[in-house]
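Values reported hereafter were calculated over all heavy atoms of this structure, with side chains retained and with hydrogens, waters and symmetry mates removed. Counting begins at 1 with the first residue of the sequence.
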Amino acid sequence: MDMETAIVPATPTSPIESEDPASPESQPNKRRRKKSIVWEHFTVEVVGPGHTRACCKQCKKSFAYITGSKLAGTSHLKRHIALGICPMSRDKGGQLSPYTPASKPSGDGGNSGGTDPPKRRYRTTPAFTAMPLDQERCNHEVIKMIILHEYPLHIVEHPGFIDFVRTLHPHYNMVSFNTVQGDCVDLYLKEKQKLLGVISSIPGHVNLTIDLWTSNQTLGYVFLTGHFIDNDWNLHRRLLNVVMVPSPDSEHAFNQAVVACLSDWSLDTRLFTLTLDQSVSSENVLGNLRGLLSVKNPLVLNGQLVVGSCFARVLSRLAQDALGSMEGTVTRIRSSVKFVKTSEDHDEKFAELKQHLLTQSTKELSIDDQTKWNTTYNMLVAACEHEEVFRYFDAANPGVRLSLSEDEWKQVETLCSYVKIFFDAASLLAGRPYPTANIFFHEVSKIQLELTHAASSPDPFVSNLVKPLQEKFDKYWKDSCLVLAIAVVMDPRFKMKLVEFSYSRIYGDDAENWTRIVDDGIHELYLDYLEPMLPLPAAPVENGEENLKTEAPGGGLPQGGGATSQEDLQLHHDGTLISFGDGLSDFDVYISEISSSQETKSELDQYLEESLLPRVQEFDVLGWWKLNQMKYPVLSKMAADVLSIPMCTVPPESVFDTRSRKIDRYRSSLRPVTLEALICAKDWLQHEAFSDVPNATLKSEV
């Protein structure tokens, strides 16, 4: 019989064994012997009625074994010995194998101490097969973990983390802080090489966004993010650089960061637009950046495509202003929600009242996070939906005053209706994938129209609430409407028609002038793309070569240009012209002229004159241009650049932030090279892996 499956014959149990609580009380002498080899290293101790624990002979640590009718098993005991977790076995300079007896068994099969479980035959093969250790792969996974979860580099020196890793594999050699720091930079450089290859292969330009983070040391950190469309018409958003600037208030701080980025990624002649926010810039800063853009890319509207405000930040400021206009009422609602949600008793009573009143709600009560304005909006919406429940809760609890007056509830509902406009627009930015630029014109023009109408409302509460918001948003609209309009024209469902329609509602009689500005701007931009593709002018004709438009023999009518072709005319003996043929050669000339006229139309004019596509919700605008790039070879290049223009400088998770972002104290203490490597590598690792591309050469080492 195979030793691995051999069963030890039953033998009479000793008195000690029969007292083991694991054996049935009615048949104490028929229990099986313990077969696991772990009992070479553990003893069984009874700590209470029906409660038995296993104690390690080496380190004296006890483990759960039997509790009532539940048997914990021996797997955790095996791990304690087999993986070298037992500190005593580590102190002895090695791992104590669970398959080698620690002491020679006594002759009667019991333990010399009298409390050990009975022995069994030893297995011929180990129960555990040691997992092979791939030190290099483990190091790589540790680096990725640190980067993706923003753990401190010193985590590799934390005793708790070291013990945890050794529990998983006792032979893993933990890397040092310096090694981790170097490996993080190496991983960053490898990923940068891949991204550089992707960017170098795209046919169009790159758009940049600029965001400024600060630190407690008054240092600035400029985050530069690239937006571009690749050869397969996929939109990419990648963090390119994190540049530390000692004086973030300087008018040229952003210029220095942009120049460094362009040089680092070989984008000197490929920059299309810059987007930043007015909260971190001034008119002088914007002027300097426009000058830089016109120098780096003078062909694109002479550097006019600088978007001076981040749409997400604009919405955040407007939402905070609206909520702040009713700060006292919002604070009272927040206190009421806290009163209900921070007490289980109050929460249960509130839920019972809601059920009794059959209150229908789309949101549950929740306390807001004042660093995210959308949570305050959701709290107010939920409170309005539970208005009746709050009123009855007050009545059922004398001395408690949670509900507002009827007028106050109406004002909160009005407030929520206008904050919802900002919330819906911001939700587009918070979603994934990142939206193309064509969707923003409709959203922004809709907000402009809503606020303009509400500002002149006869209701004094509404007009007082909205008028300051409208004045601030109007500035953003005027600064951004040209870029937004050009982007929506690149959507074949709308083209110029949506611009004409929206402007007629916003500007009334002046709509035609504003529409003409957009039409002129988009044609000027198209010419910037067309000029580099035009053939060079022909060399002058030498040696008096004959002109193509020669006279017909005998001084007849010029060929191809008269009212009637030469072949249909014949000279009579008296000098008069007689017409022969079918008389349709004039028609042939007419068709030729029409065809020639159509051929001279630009791709842009042909595109604009074609019928609009049906307006469907799930429309892939990039997919449409991918299918039509052969039809519009020049216009498609322009569309790729325009549709990738970013309207927001912050990542999706920060769209609803109410505070500017800061580098924490630990990260600001790192070297700028290491900090940039950690932040950029995290962004790249979170996106899909890039395809293999030919390696490009980095201009500067990090």
Side-chain angles (χ1 to χ4, degrees), residues 203-205 229 233 272-273 297-302 304-305 436-438 441 481-504 511-538 547-549 558-563 565 584-615 619-645:
H205 295 77
I229 290 176
W233 287 85
F272 187 57
T273 66
N297 195 3
L299 295 181
V300 181
L301 291 183
N302 196 29
Q304 293 181 52
L305 295 182
T436 47
N438 58 299
F441 177 82
C481 63
L482 176 61
V483 175
L484 296 172
I486 290 175
V488 81
V489 172
M490 294 294 99
D491 189 329
R493 297 171 298 169
F494 302 118
K495 301 183 182 178
M496 283 294 296
K497 300 303 181 184
L498 183 60
V499 175
E500 295 167 0
F501 171 76
S502 300
Y503 279 4
S504 67
E512 185 177 350
N513 294 330
W514 286 93
T515 303
R516 189 181 303 111
I517 292 174
V518 176
D519 187 70
D520 292 344
I522 198 168
H523 278 84
E524 183 181 347
L525 181 60
Y526 173 74
L527 290 178
D528 289 339
Y529 280 83
L530 183 62
E531 285 178 3
M533 306 184 71
L534 292 176
L536 295 174
N547 195 305
L548 293 178
K549 294 183 179 180
Q559 297 179 359
S565 63
L584 290 177
S585 17
D586 291 351
F587 174 74
D588 295 335
V589 173
Y590 170 74
I591 293 299
S592 175
E593 291 175 349
I594 293 295
S595 301
S596 176
S597 174
Q598 290 179 343
E599 288 175 0
T600 58
K601 283 187 179 178
S602 69
E603 292 178 20
L604 176 60
D605 290 330
Q606 292 181 44
Y607 166 77
L608 294 176
E609 290 178 4
E610 290 180 353
S611 300
L612 302 181
L613 293 184
R615 187 168 59 85
F619 177 71
D620 182 6
V621 66
L622 296 182
W624 187 89
W625 278 105
K626 181 180 180 181
L627 293 174
N628 289 273
Q629 60 182 333
M630 298 299 293
K631 182 178 180 181
Y632 304 111
V634 177
L635 188 60
S636 62
K637 293 180 182 297
M638 172 176 147
D641 291 340
V642 169
L643 292 174
S644 60
I645 295 176

*Could you tell me which non-hydrogen atom of Ser611 sits nearest to which non-hydrogen atom of Lys495, and how far apart they are?*
O-NZ, 3.6 Å
*asked:* Would you say that Thr273 contacts His205 through its side chain, given a criterion of any heavy-atom pair below 4.5 Å between the two side chains?
replied: no
_Does any part of the side chain of Asp641, heavy atoms only, come nearer than 4.5 Å to the side chain of Ile645, both counted from C-beta?_
no
*To the nearest 0.5 Å, tell me how far Asp519 CG sits from Glu512 CD.*
11.0 Å
*Please list, chain by chain and in numerical order, all residues satisfying side-chain contact (heavy atoms from CB on, under 4.5 Å) with Leu613, sequence neighbours excluded.*
Pro492, Arg493, Phe619, Trp624
_Inter-residue atom distance Thr436.OG1 - Met490.CE, 0.5 Å rounding_ = 12.5 Å
*Taking C-beta and beyond as the side chain, do His523 and Asp605 meet within less than 4.5 Å on heavy atoms?*
yes
*Return the set of residues passing ring pair (Phe, Tyr, Trp, His ring centres under 6.0 Å) with Tyr607 (not counting sequence neighbours), or none when no residue passes.*
Trp625, Tyr632
*asked:* Counting C-beta onward and ignoring hydrogens, is there a side-chain heavy-atom pair between Val499 and Trp514 closer than 4.5 Å?
replied: no
*Minimum side-chain heavy-atom gap Ser636-Glu603 below 4.5 Å*: no
*Rounded to the nearest 0.5 Å, how far apart are OH of Tyr526 and CG of Leu608?*
10.5 Å
*Side chains of Leu498 and Asp491: does their closest heavy-atom pair fall under 4.5 Å?*
no
*Among Lys497, Lys631, Lys601, which residue meets the salt bridge (charged side-chain N to carboxylate O under 4.0 Å, His left out) test with Glu610?*
Lys631
_CG on Leu643 to CG on Leu622, rounded to 0.5 Å_ = 6.0 Å
*At their closest point, which heavy atom of Phe494 faces which heavy atom of Arg615, and how far apart are they?*
CE2-CD, 3.5 Å
*Any Met638 side-chain heavy atom under 4.5 Å of Ile522 side chain*: yes
*Gap separating the CG atom of Leu484 from the CG atom of Asn438, nearest 0.5 angstrom*: 11.0 Å
*Once you round to the nearest 0.5 Å, how far does CG of Asn628 lie from CG of Leu635?*
10.0 Å
